[in-house]
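The structure appears below as structure tokens.
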Amino acid sequence: MQILVTVASRHGATAEIGSAIADVLRADGHTVDEAAPEEVVDLTGYDAVVLGSAVYTAHWLPAARDFGARFAADLRDRTVWVFSSGLATQPAASANSPHELLALMQNVGALGHRAFAGRLLRSELAFAERALIAGARAKEGDHRDFDAVRGWAGQLAEHLRAVAPAPAQTV
């Protein structure tokens with residue numbers, strides 16, 4: 001199957017989660033393209049899409065939300081999963097705005113959502129971001145669990161194998 005993994009990431013940590021997902025899907029025999037949401041102009045040829053975003057102030061990044069809105073009709077015709085990466089001390093599930101995420105998932109027909117803890121390096125942050133993080137008392141460091149990421153990606157690969165059309169038999 002042809003799969004698009006598209007991830008909105010401000011400082012690269014969430015994009016690295018997307019790349020780990022793409023690697024597992026490739027290892028399972030799928031053709032996988034990776035692109036930032038704002039770079040995608042067409043979904044023609046893709047059977048499945050994995051859409052991810054970093055979570056800031058309880059919201060997905062605008063590029064991921066815009067991608068969902070732009071391609072909603074096309075996404076509903078494909079197999080879609082979404083994931084979030086949030087504050088290192090707070091899994092993205094509790095950092096996400098639940099109503100916003102539910103609306104996005106319904107709009108694109110996503111089969112599921114997975115939240116992952118993220119990476120927080122104060123040296124990467126702008127002044128305003130550091131002020132927000134200080135108020136949230138977030139713990140600095142890389143708290144991403146790549147075993148969990150690869151495990152989830154393995155579940156996606158298993159689902160895709162189950163729904164893939166059987167190869168044509170030659171006589």
Side-chain angles (χ1 to χ4, degrees), residues 1-88 92-93 95-97 100-121 123-126 128-129 132 142-146 148-150 152-157 159-160 163-164:
M1 293 187 122
Q2 183 76 24
I3 304 166
L4 172 65
V5 176
T6 182
V7 180
S9 182
R10 190 171 284 167
H11 299 291
T14 306
E16 290 171 0
I17 291 172
S19 290
I21 292 166
D23 289 345
V24 170
L25 296 171
R26 282 187 195 102
D28 199 60
H30 301 285
T31 303
V32 182
D33 293 331
E34 295 177 68
E38 61 273 15
E39 295 172 356
V40 179
V41 295
D42 189 7
L43 296 181
T44 301
Y46 292 111
D47 304 298
V49 176
V50 178
L51 171 61
S53 181
V55 176
Y56 283 83
T57 63
H59 300 284
W60 270 29
L61 294 177
R65 292 192 317 260
D66 293 346
F67 178 90
R70 267 189 305 142
F71 293 110
D74 291 328
L75 290 166
R76 284 190 297 271
D77 292 335
R78 289 165 174 75
T79 301
V80 177
W81 292 278
V82 297
F83 76 90
S84 304
S85 176
L87 288 173
N96 275 333
S97 168
E100 180 180 276
L101 183 59
L102 181 60
L104 176 124
M105 289 179 62
Q106 289 175 340
N107 198 33
V108 303
L111 296 178
H113 170 260
R114 180 67 188 261
F116 299 104
R119 180 184 74 196
L120 173 61
L121 301 176
S123 62
E124 293 180 342
L125 303 179
E129 291 173 319
L132 285 170
D142 191 345
H143 303 277
R144 296 171 296 171
D145 181 347
F146 280 99
V149 170
R150 287 185 288 273
W152 185 66
Q155 292 172 4
L156 305 185
H159 176 85
L160 291 170
V163 300

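Computed from heavy atoms alone, side chains included, the values below leave out hydrogens, waters and symmetry copies. All values derive from a computational prediction rather than experimental measurement. Along the sequence shown, the residues carry numbers beginning at 1.
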Could you tell me which non-hydrogen atom of Ser85 sits nearest to which non-hydrogen atom of Thr14, and how far apart they are?
CB-OG1, 3.4 Å
I want to check something: taking the side chain as every heavy atom from C-beta on, are Asn107 and Arg76 in contact at a cut-off of under 4.5 Å?
yes
Checking side chain to side chain contact (heavy atoms under 4.5 Å, CB included) for the pair Phe67/Leu61: CA distance, chi angles, key distance, verdict?
CA-CA 10 Å; Phe67 178 90; Leu61 294 177; over 6 Å; no
To the nearest 0.5 Å, how far apart are CZ in Arg26 and OG in Ser19?
7.5 Å
Less than 4.5 Å apart, any side-chain heavy atom of Leu25 and any of Ile21?
yes
Nearest-0.5 Å distance that lies between atom CG in Leu75 and atom CG in Leu104
9.0 Å
Side-chain heavy-atom pair Thr31, Met1 within 4.5 angstrom cut-off
no
Roughly how far, to the nearest 0.5 Å, is the CG atom of Leu111 from the CD atom of Gln155?
12.5 Å
Sorted by first residue and then second, give each side-chain hydrogen bond (donor to acceptor under 3.5 Å, both in side chains) pair with at least one member in residues 61-72; sequence neighbours left out.
none
After noting the C-alpha distance and the side-chain angles of Phe71 and Val108, does the key distance pass the side chain to side chain contact (heavy atoms under 4.5 Å, CB included) rule?
CA-CA 8 Å; Phe71 293 110; Val108 303; over 6 Å; no
For residues Val7 and Gly18, report the shortest heavy-atom separation together with the two atoms involved.
CG2-CA, 3.8 Å
With no hydrogens and no angle check, do the side chains of Asp74 and Tyr46 hold a donor and an acceptor under 3.5 Å apart?
no
To the nearest 0.5 Å, what is the distance between CG (Asp145) and CZ (Phe116)?
8.5 Å
Is Val40 close to Leu4 at the side-chain level, that is, under 4.5 Å between some pair of heavy atoms?
yes
Any side-chain donor near an acceptor of the partner, Thr6 and Glu34, under 3.5 Å
no
Full working for side chain to side chain contact (heavy atoms under 4.5 Å, CB included) between Arg78 and Asp47
CA-CA 6 Å; Arg78 289 165 174 75; Asp47 304 298; over 6 Å; no
Using the side chain to side chain contact (heavy atoms under 4.5 Å, CB included) definition, which of the options Leu156, Val149, Val50 pairs with Phe83?
Val50
Is it the case that the side chains of Thr79 and His159 hold a donor-acceptor pair, with the cut-off being a distance below 3.5 Å and no angle test?
no
Side chains of His30 and Gln2: closer than 4.5 Å at any heavy-atom pair?
no
Sub-4.5 Å side-chain heavy-atom contact between Leu51 and Trp60:
yes
Between CZ on residue Arg10 and OG on residue Ser53, distance to nearest 0.5 Å
9.0 Å
So, taking the atom named OG in Ser9 and the one named CD1 in Ile17, what distance separates them when rounded to the nearest 0.5 Å?
8.0 Å
Looking at Arg144 and Ala13, would you say the former's side chain and the latter's main chain have a donor-acceptor pair under 3.5 Å?
yes
To check you understand the geometry: which heavy-atom pair defines the closest contact between Ala148 and Arg114, and what is its length?
CB-NH2, 3.8 Å
